[in-house]
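Reminder, nothing fancy here: chain letters follow the sequence lines and each chain counts from 1. From a predicted model like this one, the values you see are computed outputs, not experimental measurements. Only heavy atoms go into these numbers, but all of them, side chains included; no hydrogens, no water, no symmetry mates.
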There are 2 protein chains.
Amino acid sequence: MHKVKYSIGQLAKESGCKVETVHYYEKIGLMPEPPRTEGGHRVYALPHVKRLTFIRRSRELGFKIEQIKDLLKFIDEPNHYCGEVRAMAMQQARTVQEKINDLERLHSALNDMVIQCKDSNNSIDNCPIVDSLFTKKATE
Amino acid sequence: MHKVKYSIGQLAKESGCKVETVHYYEKIGLMPEPPRTEGGHRVYALPHVKRLTFIRRSRELGFKIEQIKDLLKFIDEPNHYCGEVRAMAMQQARTVQEKINDLERLHSALNDMVIQCKDSNNSIDNCPIVDSLFTKKATE
DNA sequence: CCTTGAACCTATAGTTACTACAGGTTCTAT
DNA sequence: ATAGAACCTGTAGTAACTATAGGTTCAAGG
């Protein structure tokens, strides 16, 4: 199942990205410039597949490109320890938790609004949702 | 506390936006072109403050600009009923709930990784976080 | 060997919702 | 009258891609 050479299309498929995304990652220096065929087509190998998979998974976990660059630096350069990566993962977990909290506040605000607005045949002038959106948040 | 005329800076402050954002909203047709002074400075009134506050609050609730355009259409045009707005709020609540679910999955994935990685002095080659990021999600 | 069509190439523009200049004008307060 | 804050327009930049155009190369079938 593991090939030795991959076209860009195969690389993309294997790692779950689009071809354009690979081009983009190459342009911003996240993926290396691979060897080419005579005709100029990119030729990849297994390490490329792994690297791109790493990138895609990290993106799914909400890491920003710049953070991924840092993670890859740890991995590319020898003499690094797990602790640095662990710290980044913990920080990321905190960031995600904050986003969850924000969204939950938002979700209950929306639900409150919907509950307030029992009579859908109300004219728009009396709609409690519209009303509450015209109101400022904290200070007046 | 309620004035009759507002400069763009005052409008921005009252509604919690930046001046540049007001310019932007005018350019994309979310805010109307207001009257001007002799010298060309924009002059706003209370309805503008309310409208912009509505927009800012809706953005905070995660509505996209296009959705806000729809909401404002309901409000601007008479003969609309609360039901349309209510439906949009409910849909928005669902969307937000989905985002929360996604983030919670992500959060526990990150936490799992951190827990797996007990020994921070591990070399990077043995780091379980790095490992799991090199692994594909569902299918191999 | 030749052809055909899928896959590839580069470069550029578009997306979303702003933010940040630059370089000039107007307003306001002293 | 003048200083400087606030305003004006227009353009470019941000993040992380996606999409398009217009052309070239590759692989498979005849």
Review point. Where do Leu61(A) and Gln92(A) land on the side chain to side chain contact (heavy atoms under 4.5 Å, CB included) test, with the steps shown first?
Key: CA-CA 8 Å; Leu61(A) 292 175; Gln92(A) 182 62 10; 5.6 Å; no
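Rounded to an integer number of Å, the gap from Gln67(A) CD to dA15(D) P is 12 Å. Rounded to whole angstrom, the span from the NZ atom of Lys18(B) across to the P atom of dC21(C) amounts to 11 Å. As rounded to whole Å, 18 Å separates atom P of dC9(C) from atom OH of Tyr24(A). dC8(C) atom P lies 18 Å from atom CD of Glu38(A), rounded to whole Å. Here dA16(D) presents its C1' atom at 8 Å from CD1 of Ile28(A), a figure rounded to the nearest Å. Distance Lys5(A) NZ to dC26(D) C1': 16 Å, rounded to the nearest Å. Regarding Ile8(A), its CD1 atom lies at a distance of 15 Å from the P atom of dA27(D), rounded to whole Å. Across the protein-nucleic acid pair, His23(B) atom NE2 and dC8(D) atom C1' stand 7 Å apart, rounded to whole Å.
Both Gly39(A) and Gly40(B) lie close to DNA chain D; mapped to their nearest nucleotides by heavy-atom distance, the more 5′-ward contact belongs to Gly40(B). Each of Tyr25(B) and Val19(A) lies near DNA chain C, and the nucleotide nearest Val19(A) is the one positioned closer to the 5' end.
Defined by atom type and a distance below 3.5 Å, a donor-acceptor pair is missing between the side-chain atoms of Arg94(B) and Gln97(B). For the residue pair Asp112(A) / Gln116(A), no side-chain donor-acceptor distance below 3.5 Å is found, with atom types taken as modelled.
Candidate nucleotides dC8(D), dA16(D), dC18(C) were compared by shortest atom distance to the side chain of Ile65(B), and dC18(C) ranks first. Closest approach to the Ser7(B) side chain among dC8(C), dT20(D), dC7(D) is made by dC7(D) (side chain taken as heavy atoms from C-beta onward). When the nucleotides dT25(D), dT10(C), dT9(D) are ranked by their closest atom to the side chain of Arg36(A), dT10(C) comes out on top.
In this structure, Arg59(A) reaches the dC17(D) phosphate: one of its side-chain N or O atoms is under 4.0 Å from OP1 or OP2. Arg42(B) has a side-chain polar atom (N or O) that falls below the 4.0 Å cut-off from OP1 or OP2 of dT9(D). Look at Thr21(B) and you'll find a side-chain N or O under 4.0 angstrom from OP1 or OP2 of dT19(C). Not one side-chain nitrogen or oxygen of His41(B) sits closer than 4.0 Å to the OP1 or OP2 atom of dA6(D). Taking only side-chain nitrogens and oxygens, Thr37(A) never comes nearer than 4.0 Å to OP1 or OP2 of dT25(D).
Contact check on Lys99(B) versus Asp102(B) returns no salt bridge, with no Lys/Arg side-chain nitrogen under 4.0 Å from an Asp/Glu carboxylate oxygen.
Shown here is Lys69(B), whose NZ atom has more than 12 heavy atoms of other residues, nucleotides or ligands within 6.0 Å.
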